[in-house]
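Before any comments, here is the structure.
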Amino acid sequence: MNDDLWNLMVARRHVGLRRLQAPGPDAAALDRMLAAAAQAPDHGQLLPWRFVLVPQHRRADLGAAFEEALAQRDPAADAVARASARDKAQHAPCLLVAILVDVPGTAIPTEEKLISLGCAIQDMLLAAQALGFASGLASGGALDAPGMRRLLDLAPHERALCFIGFGTADMQKKPRVRPQPGQFFSSL
Ligand SMILES: Cc1cc2nc3c(=O)[nH]c(=O)nc-3n(C[C@H](O)[C@H](O)[C@H](O)COP(=O)(O)O)c2cc1C
């Protein structure tokens, strides 16, 4: 295997979005990462995913969606909890939302579309690593909240699956112990 690819795979670690600082990818680097996503396998070539950037000037709107989702989940949430929900929107200098586009009536099952999205995400994470940026993923109940769906302008057949943050890690993460092939591989 190409050592460069191996080294990138091994070096990539999830970095919590709050730990991702500036600098993040500029427009040219983001273009490269999106081009990497486009290399993902895609059964039926349906393009069953898309990514939405949340630029700095829309972070307050994302914060409002986080706060609204919290208030719906927990109407008793106090001002501190609400502020913390809003604050999440400020994490990571470059923030994308990964969206599954599951147009009904296709012969390709949803699971395969999800796999394609996962591959596209991993391609982006590795491309970011190659460009010198750290990355992290964040999910949670707010992604499917009505206010979030409104903000992202999701069609009924679309689902926001996770946030992807890119930036510069505020500290070096140690490699994690990886599963051994014996844990996930067998032969008939
Ligand atoms: C779809 C998806 C959603 C994730 N959501 C979160 C999250 O909400 N919070 C979090 O700390 N990590 C999240 N992660 C990252 C994992 O915690 C991380 O990949 C795992 O700890 C393994 O670490 P590594 O990526 O450095 O190998 C998510 C990962 C995936 C694939």
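Order of appearance sets the numbers: ligands from 1, and atoms from 1 within every ligand. Here the structure is a predicted model, which means the values were calculated and not measured.
Between atom 15 (C) of ligand 1 and the options Arg13, Met9, His14, Lys173, the minimum heavy-atom separation is to His14. Around atom 4 (C) of ligand 1, the closest heavy atom drawn from Gly140, Ser135, Ser139 belongs to Ser139. Checking Val177, Leu161, Leu117, Leu137 against atom 30 (C) of ligand 1, the nearest heavy atom belongs to Leu137.
In this structure, the side chain of Glu112 does not engage the main chain of Pro109 through any donor-acceptor pair within 3.5 Å. The backbone N or O of His14 sits less than 3.5 Å from a side-chain atom of Lys173, completing a donor-acceptor pair. A donor-acceptor pair under 3.5 Å is absent between the side-chain atoms of Lys88 and the main chain of Leu17, judged by distance alone. With hydrogens and angles ignored, the 3.5 Å screen pairs a side-chain donor or acceptor of Arg13 with a backbone N or O of Lys174. Side-chain N or O atoms of Arg159 include none that pairs as donor or acceptor with a backbone N or O of Leu100 at under 3.5 Å. Between the side chain of Arg59 and the main chain of His91, a donor-acceptor pair closer than 3.5 Å is present.
Counting heavy atoms under 4.0 Å from ligand 1, residue Gln122 does not touch it at all.
Summary of contacts: the protein heavy atom closest to atom 22 (C) of ligand 1 is Arg176 NE, 3.4 Å.
Protein heavy atoms come within 4.0 Å of atom 12 (N) of ligand 1. For atom 18 (C) of ligand 1, the nearest protein heavy atom is under 4.0 Å away.
The shell of residues lying under 4.0 angstrom from ligand 1, judged by heavy atoms, excludes Gly16.
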